[in-house]
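Below is one structure, written out as structure tokens; comments come after it.
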Amino acid sequence: HGYVGNKAATFPLQLLGFDVDPVNTVQLSNHTGYPCIKGHVFDGSHLRELLAGLTANGLIRHTHLLSGYIGSQSLLEAVAAAATQLRTACPQLTYVCDPVLGDEGKLYVSPELVEAYKTFLVPLADMLTPNQFEAELLTGLEVRSELQAMQAAA
């Protein structure tokens, strides 16, 4: 239950004129802010298989990549590989990474994924869209003011 991820992003992007290829990374009963979550987090092989199909059909010509919730290490590494492959095909690719890690002091993902984001995805992203909690996790800086937010963003 809830409008997050592809459910929230696809339609506005289409209204802006983007041809959207949404790839679900999870199939969950509700978003991860609820106390009980049922469903599946896909692993990296899921994304790699879809990317192989796009490649085989000559459909790798994306100009933008937006990633959101990533619930496993293997999927995170596959997203990094996909970003690299898409950027090779289109050097002007814009990669927007929404590092959905948690909120209000609570992680939605395993602690290991925080380090994996820092290692694999943050260096590839053209733009990051973390909330306050996520910005603090990724930078190790406290963000309690506009000045601190600007320092974290630098």
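Residue numbers run from 1 in the order of the sequence given.
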Would you say the side chain of [Y] lies within less than 4.5 Å of the side chain of [X], judging by non-hydrogen atoms?
| X | Y | answer |
| --- | --- | --- |
| Val100 | Val4 | no |
| Val114 | Pro111 | no |
| Val41 | Thr25 | no |
| Val79 | Phe120 | no |
| Cys97 | Tyr117 | yes |
| Leu47 | Phe42 | no |

Mind listing the closest non-hydrogen atom pair of [X] and [Y] along with its distance?
| X | Y | value |
| --- | --- | --- |
| Ala135 | Pro130 | N-CB, 3.7 Å |
| Leu113 | Val109 | CD1-CB, 3.7 Å |
| Ala9 | Pro12 | O-CD, 3.3 Å |
| Leu107 | Leu137 | CD2-CD1, 3.6 Å |
| Pro22 | Thr10 | CB-OG1, 3.8 Å |

From [X] atom [atom1] to [Y] atom [atom2], the distance as rounded to the nearest 0.5 Å:
| X | Y | atom1 | atom2 | result |
| --- | --- | --- | --- | --- |
| Glu134 | Thr139 | CD | OG1 | 11.5 Å |
| Ile37 | Leu28 | CD1 | CG | 6.5 Å |
| Thr119 | Leu124 | OG1 | CG | 11.0 Å |
| Tyr69 | His31 | OH | NE2 | 12.5 Å |

Got a sec, which hydrophobics cluster with [X], joining ILVMFWY side chains under 4.5 Å apart, including via others?
| X | value |
| --- | --- |
| Val143 | none |
| Leu15 | Phe11 |
| Leu13 | Leu16, Phe18, Val20, Leu66, Val96, Met127 |

Enumerate the residue pairs fulfilling salt bridge (Lys or Arg N to Asp or Glu O under 4.0 Å) with a member in [range], sequence neighbours excluded, ordered by first and then second residue.
| range | value |
| --- | --- |
| residues 91-110 | none |
| residues 46-74 | none |
| residues 112-131 | Arg87-Asp126, Glu115-Lys118 |

Identify each donor-acceptor pair in which a side-chain atom of residues 146-154 lies under 3.5 Å from a protein atom, sequence neighbours left out, and give them as a table.
from: Gln148; atom 1: OE1; to: Arg144; atom 2: N; distance (Å): 2.6
from: Gln148; atom 1: OE1; to: Ser145; atom 2: N; distance (Å): 3.2

### Message
Tell me every residue that passes side chain to side chain donor-acceptor pair (under 3.5 Å) with His46, counting only those two or more places apart in sequence or in another chain.
### Response
none
### Message
Tell me every residue that passes side chain to side chain donor-acceptor pair (under 3.5 Å) with Tyr95, counting only those two or more places apart in sequence or in another chain.
### Response
Ser67
### Query
Leu141, Phe133: one ILVMFWY side-chain cluster at the under-4.5 Å cut-off?
no
### Query
Under a single-linkage definition using a 4.5 Å side-chain heavy-atom cutoff for Ile, Leu, Val, Met, Phe, Trp and Tyr, are Val23 and Leu65 assigned to the same hydrophobic cluster?
yes
## Note on the structure
Sorted by chain and residue number, the side chain to side chain contact (heavy atoms under 4.5 Å, CB included) partners of Gln85 (sequence neighbours excluded) come out as Leu51, Thr55, Ile60
### Message
Tell me every residue that passes side chain to side chain contact (heavy atoms under 4.5 Å, CB included) with Ser74, counting only those two or more places apart in sequence or in another chain.
### Response
Asp43, Ser72
### Task
Please list all pairs passing the side-chain hydrogen bond (donor to acceptor under 3.5 Å, both in side chains) test where one or both residues lie in residues 11-21, with sequence neighbours left out.
Asp21-His62
